[in-house]
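In what follows, chains carry the letters A, B, and so on, assigned in the order in which the sequence lines appear, proteins first and then strands, with residues in each chain numbered from 1.
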There are 2 protein chains.
Amino acid sequence: MTIIFSKKCEYGLQACLYLAALNTMEVIPSGEIAKKLKIPKEFISKILQSLTASGLIYSKKGKLGGFSLAKNPNKIKLIDIVTAIDGLELFERCVLGFPNCSPDTPCPVHDKWGELRTKAYQMLTEETLDAFAEKTLRKIKNL
Amino acid sequence: MTIIFSKKCEYGLQACLYLAALNTMEVIPSGEIAKKLKIPKEFISKILQSLTASGLIYSKKGKLGGFSLAKNPNKIKLIDIVTAIDGLELFERCVLGFPNCSPDTPCPVHDKWGELRTKAYQMLTEETLDAFAEKTLRKIKNL
DNA sequence: ATTAAATCGGATATTATAATCTGATTTAAT
DNA sequence: ATTAAATCAGATTATAATATCCGATTTAAT
Ligand code: FES
Ligand code: FES
């Protein structure tokens, strides 16, 4: 096994990308999100609830309720979702599992790995959700 | 949560790096490896057993038994250990969890992520265990 | 031969993640 | 008012990863 992000986080990222791609202020019920992304409805529901608590997602209760992004997609970055769900451990931990990942106590691959995870962090940081709309829609079409 | 390699794989990598750093052909009992790396003895024992089955590790049974690398450290790469324990899923899977990661059906970060994981693969591939000996010993000293 | 110390195989326990279920509440339409 | 469809909170289940335990076997030294 090998994971970058937990399933929770993967689904959270997918759902936020999807909501951003829809480019609407209307709320979308979790059932529809689950159907479009082909992921379990109850699970994505829970995840969106927690993102609502984090303030990234807005939710509307009751009939005609659902979820939408809490702010403009050009204000949300992938790293925000990762931080809210998985945290930033990935960018602080030794890739070989040794304790105390730091330049002072480097493991044999610390330098190379440090570069890569910095770039991964940049990948999640430099663009906002609106930049991904087209590619998201194209990817979702093929599910 | 966020993982690159499973604990199994992390410990396997650590143990192989340690055995390589010792630069000896003598076998080392799992108890000593566990003590030096501060990891659970029973667990690393199992992991080394499976690596023995994979042919990366040599094991000697009975009193004065233990484990050593099955070949010269300059013939073993980190990727060999990763492949044996976690497999190569990390380098084939979509980082956002979408199905069908390929240039034909790219997710929004496919291109950037593809570059990074290629470099991660290189990191695990281009050097052999002997190259890591010094740094390994220095890291282990601080545990 | 006996003992001690190790791997080995298989089962078991523990913990974390993933997924589902249940019932309460909210809200819009009839 | 009643109904329908949604979020929400909390409990529960299922599955996988992590860790430990036990008994058998192997091997070296006494
Ligand atoms: S110590 Fe291993 S990646 Fe930093
Ligand atoms: S499709 Fe997402 S990384 Fe390739």
Side-chain angles (χ1 to χ4, degrees), chain A residues 1-15 19 26-70 82 84-87 89-90 93 97, chain B residues 1-15 19 26-70 82 84-87 89-90 93 97:
Chain A
M1 200 243 359
T2 304
I3 295 180
I4 301 291
F5 301 124
S6 66
K7 273 247 169 303
K8 254 188 214 168
C9 192
E10 285 180 356
Y11 291 159
L13 288 162
Q14 291 181 21
L19 288 174
E26 291 166 32
V27 296
I28 310 293
S30 61
E32 185 177 331
I33 298 172
K35 209 169 157 188
K36 283 279 166 34
L37 297 173
K38 303 235 175 83
I39 60 185
K41 169 177 161 10
E42 318 289 344
F43 198 20
I44 193 58
S45 184
K46 272 272 178 281
I47 295 165
L48 291 168
Q49 279 168 39
S50 90
L51 287 175
T52 301
S54 312
L56 280 171
I57 292 276
Y58 163 79
S59 79
K60 183 163 185 286
K61 299 180 194 173
K63 192 167 185 177
L64 302 195
F67 299 90
S68 73
L69 295 175
V82 171
I85 301 179
D86 275 352
E89 197 195 1
L90 171 62
R93 233 180 135 266
Chain B
M1 203 242 1
T2 303
I3 294 181
I4 300 292
F5 302 124
S6 67
K7 274 247 168 302
K8 255 188 212 168
C9 193
E10 286 181 354
Y11 290 160
L13 288 163
Q14 291 183 20
L19 289 174
E26 290 166 32
V27 297
I28 310 293
S30 60
E32 185 177 329
I33 298 172
K35 209 168 157 188
K36 284 278 167 34
L37 297 173
K38 304 236 176 84
I39 60 184
K41 170 179 161 8
E42 318 288 345
F43 198 20
I44 193 58
S45 184
K46 274 272 179 281
I47 295 165
L48 290 168
Q49 280 168 38
S50 91
L51 287 176
T52 301
S54 313
L56 279 172
I57 293 276
Y58 162 79
S59 79
K60 184 162 182 285
K61 298 181 195 171
K63 194 168 181 177
L64 302 196
F67 299 91
S68 72
L69 295 175
V82 171
I85 300 180
D86 275 352
E89 196 195 2
L90 171 63
R93 231 178 136 268

Item to check | Nearest heavy-atom neighbours spanning F67(B) and S45(B) | outcome: CZ-O, 4.3 Å

Checklist outcome for this item: Atom CD of E42(A) and atom P of dT12(D) are separated, to the nearest Å, by 17 Å

Checklist outcome for this item: In Watson-Crick or G-U wobble terms, with both distances under 3.5 Å, the base opposite dA9(D) is dT22(C)

Item to check | Between P of dA19(C) and CG of L37(A), the distance in whole Å | outcome: 14 Å

Item to check | Gap between atom CD of Q49(A) and atom CD1 of I44(A) - 0.5 Å precision | outcome: 10.5 Å

Checklist entry - When rounded to the nearest 0.5 angstrom, what distance separates CG in L48(A) from OG in S54(A)? => result 11.0 Å

Next on the checklist: Using the side-chain contact (heavy atoms from CB on, under 4.5 Å) criterion, which residues pair with S6(B)? Sequence neighbours excluded.
Outcome noted: M1(A), K8(B), C9(B), I85(B), D86(B)

Next on the checklist: What contact category does Y11(A) fall into here, base, sugar-phosphate, or nothing, at under 4.0 angstrom with non-hydrogen atoms?
Outcome noted: sugar-phosphate

Next on the checklist: Atom CD of residue position E26(A) - does it have more than 12 heavy atoms of other residues, nucleotides or ligands inside 6.0 Å?
Outcome noted: no

Checklist entry - When rounded to the nearest 0.5 angstrom, what distance separates CZ in F43(A) from NZ in K46(A)? => result 10.5 Å

Checklist entry - Quick one: is dA6(D) close enough that its OP1 or OP2 comes under 4.0 Å of any side-chain N or O from S59(A)? => result no

Next on the checklist: Using every non-hydrogen atom in the two residues, find where T52(A) and S59(A) come nearest and quote the distance to one decimal.
Outcome noted: CG2-OG, 3.8 Å

Checklist entry - When the distance from NZ of K8(A) to P of dA16(C) is rounded to whole Å, what number comes out? => result 12 Å

Checklist entry - From S30(B) OG over to I39(B) CD1, what is the distance, rounded to the nearest 0.5 angstrom? => result 10.0 Å

Are any protein N/O atoms closer than 3.5 Å to N/O atoms in nucleotides 26-30 of chain C? If there are, list each pair with its distance.
unit_1	atom_1	unit_2	atom_2	d
dT26(C)	O2	G62(A)	N	3.2
dT27(C)	O2	K63(A)	N	3.0

Next on the checklist: Measure CZ/F5(B) against P/dA17(D) and give the value in whole Å, please.
Outcome noted: 16 Å

Item to check | Separation of dT7(D) P from F43(A) CZ (nearest whole Å) | outcome: 16 Å

Next on the checklist: Nearest to the P40(B) side chain among dC21(C), dT7(C), dT20(D), which nucleotide is it?
Outcome noted: dT20(D)

Item to check | Interatomic distance where CD1 belongs to I44(A) and P belongs to dC8(D) [whole Å] | outcome: 13 Å

Checklist outcome for this item: Contact check, residues 45-52 of chain A vs DNA chain D, heavy-atom distance under 4.0 Å, returns K46(A), Q49(A)

Checklist outcome for this item: As its Watson-Crick or G-U partner within any shown strand, both distances under 3.5 Å, dA28(D) has dT3(C)

Next on the checklist: With a 4.0 Å cut-off on N to O distance, would you call K36(A) and E32(A) a salt bridge?
Outcome noted: yes

Item to check | Euclidean distance, atom NZ of residue K41(B) to atom P of dC8(C) [Å, nearest integer] | outcome: 12 Å

Checklist outcome for this item: In whole angstroms, the gap separating P of dA6(C) from CD of E26(B) amounts to 14 Å

